[in-house]
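Bear in mind that the values here come from a model prediction, so they are computed numbers and not experimental data.
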Amino acid sequence: MTNWMRRSGNRPGVAASNRYRVAFGIASGLAIFAIDTFTTLASAVAVLYVLVIVLAGDLGSKKAIRRTSAICAILTLISFATSHAHNLESQATLRLLFSLAANIVTTLLLLRRVGDEAALKESEHRYRTIFETLAIAIWENDFRFVKAELDKLRQRGIVDIRPYLADNHDFVVRMRKAVRITDVNQTALKLMGVPSKDEFFRTLDDFLPDNDGGFAHFLAGIFEGQTEFQSETTVRSQDGRLIPILVALSFPKDGSGLDRIQASIVDMTERHQFQEALETSRQELEQASRAAMIGEISASIAHEVNQPLSAIMTFVQAGTRWLNRQPPDIDEAKLALQDAVAATEHAAQVVKRVRMLLGKSKSENAEVTVDAAIADAVQLKQKELVADGVQVNLSLMAQGGTVRGDRVLLQQVFLNIISNAIHAMETADTRTLTIQSSLTDEGIAIRFTDSGAGLGSMAPETLFKPFNTTKPNGMGLGLAMCRSIMMAHSGTISIRDRTDGQGAIVEVRLPLATDEEEAVPLTA
């Protein structure tokens, strides 16, 4: 019996407790053996060996359980042989079989329990390993108090939680302080600059900035029964740095496990730096494109200005000849000089258009109501539309949607598109321009549909390239400027043929204005 149920333990206190169990088990086994062997009790005393086997099971070793079970069975047989070797009674034999059966059943049950516990410990160890070594920062939160407080609000008759949270900022702050951090992994410690778990922040309020507005939306989501949450926010590290993060949480549908809700945190710092670098590269590319465009424009200037300059010289020479006549022909000289003045004005207009194109004046950046800007553009073009017999159908359904940008530049885009539509319908029998606006998941969509000749053989992308025009007197810069203005406003512009008949569709898409956007001047 001295070697039974040994289980090594390295943890302080556990080894001492195991030694006490072993000693108690040995003493109990010997006492049961003595009573069963040397007394004349007519009962199944050997059944008490199951207590010794249970003590072995508490140590969690399958080997110790098997050895203890075997030893107890041997002791039971020895006691039976000693007490009943010369007088085999049927009742004594039944008590023996009953005791052995109890031994076997108890052993099997304990072996199964120990196996389940081992699998559970292995699973927990595997989970802890994944939790601690995951590349994503994770911390566990206790939301039980928050959920209880939200349930109280519901019991008070509050149905729409969002206005309540907007009017009761103190409640939001109190809930932030009530969310306790129960555990974090090593990645979270590294992210927040905290050396150990014991020194980590205790509540959400410890590291959320005072101006954080995402937590109120999160509370509203819990109140409304949402189970998945994801948003971008900012947290404050131990040394005071503000770190942009993406946080995702998942709540069980049955409302259980609120004491260990895990938040997965992704550091967005590198992504933001990449976006800034990408924006810098885009600006540099725009400057390079502008330089390349200047080369093309220079060639255009040489062509455009050379013609009026040649005409000016011709008219001045003609006027000089008329004045040198005897007698001078004053009327003809005046006509020649008037033609020279007109040619000079044309040259000035060419230079003015180029200066406007290459100008770097800064534009305003404010909220613009798109429907109102479209209506104003149509009003400015009303005289020209009536003169060309164009019927305009307006369907402005953006419902007051606003974008952030320069109203004049955006309106210029609408004016250019309307002018192109008028030109495209010059030879059409029916001239109809339909302008529609609507709200979408991405922002605002504006569609201009004309009944003109359509694109024909021209590829849509080529129409946005500088100096590509179908107008006899055009420079081919209208749609190119429209695309540049859309890019400056984070929007898009596209053109395609209609599928329901003759004509083309120009579609403009712009993102809605948000409170988080800063009023940074745009560069025209």
Side-chain angles (χ1 to χ4, degrees), residues 290-361 363 376-390 392 406-409 411-428 431 433 450 452-453 458 463-482 484-485 524:
R290 185 184 290 269
M293 185 181 293
I294 289 176
E296 297 179 1
I297 293 174
S298 299
S300 177
I301 293 174
H303 175 73
E304 293 279 347
V305 177
N306 185 59
Q307 292 183 5
L309 287 178
S310 299
I312 291 170
M313 182 176 291
T314 301
F315 294 140
V316 171
Q317 289 174 345
T320 301
R321 288 196 301 270
W322 290 117
L323 290 175
N324 288 334
R325 281 196 171 192
Q326 294 298 331
D329 193 334
I330 303 299
D331 292 335
E332 291 293 340
K334 286 182 178 179
L335 290 175
L337 291 176
Q338 288 175 358
D339 290 337
V341 170
T344 303
E345 291 177 349
H346 177 63
Q349 286 297 320
V350 172
V351 174
K352 182 178 179 181
R353 290 165 69 185
V354 173
R355 288 183 63 187
M356 291 177 62
L357 177 65
L358 300 179
K360 292 186 177 180
S361 58
S363 308
D376 290 344
V378 173
Q379 185 63 34
L380 290 172
K381 283 289 184 180
Q382 188 64 35
K383 188 175 181 179
E384 187 176 345
L385 290 166
V386 172
D388 284 88
V390 177
V392 178
D406 187 300
R407 179 183 178 85
V408 174
L409 288 178
Q411 199 170 73
Q412 186 62 43
V413 171
F414 304 148
L415 290 171
N416 284 344
I417 296 173
I418 294 173
S419 295
N420 288 345
I422 294 174
H423 173 74
M425 294 186 290
E426 284 181 347
T427 59
R431 304 176 184 180
L433 175 61
D450 64 57
M458 296 191 67
L463 295 174
F464 294 100
K465 294 182 178 179
F467 313 111
N468 195 342
T469 180
T470 58
K471 299 179 182 179
N473 299 320
M475 288 186 66
L477 296 172
L479 286 177
M481 290 179 64
C482 288
S484 297
I485 293 172

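The shortest heavy-atom contact between Val392 and Leu385 is CG2-CD1, 3.6 Å. Scanning both residues, Ala340 and Ile312, for their nearest heavy atoms gives O-CG1, 3.7 Å. Shortest non-hydrogen contact noted between Ala333 and Gly319 is CB-O, 3.9 Å.
Taking Val386 as the reference, Gln382 meet the side-chain contact (heavy atoms from CB on, under 4.5 Å) condition, with sequence neighbours excluded. With sequence neighbours left out, the side-chain contact (heavy atoms from CB on, under 4.5 Å) criterion links Ala377 to Gln411, Phe414, Leu415, Ile418. Every residue two or more places apart in sequence or in another chain that forms a side-chain contact (heavy atoms from CB on, under 4.5 Å) with Gln338 is listed here: Leu335. Shown here are the side-chain contact (heavy atoms from CB on, under 4.5 Å) partners of Arg321, two or more places apart in sequence or in another chain: Gln317, Ala318. Not counting sequence neighbours, the partners of Asp376 by the salt bridge (charged side-chain N to carboxylate O under 4.0 Å, His left out) test are Arg407. Judged as a side chain to side chain donor-acceptor pair (under 3.5 Å), and not counting sequence neighbours, the contacts of Glu384 are Lys381.
Of the inter-residue distances, the one linking Ile485 atom CD1 with Asn416 atom CG reads 7.0 Å to the nearest 0.5 angstrom. Atoms NZ and CG, on Lys334 and Leu323 in that order, are 10.5 Å from each other to the nearest 0.5 Å.
Within the 3.5 Å criterion, the main-chain N or O of Gly389 finds no donor-acceptor partner in the side chain of Arg431.
Within the 4.5 Å cutoff, no side-chain heavy atoms of Leu337 are placed close to those of Val341.
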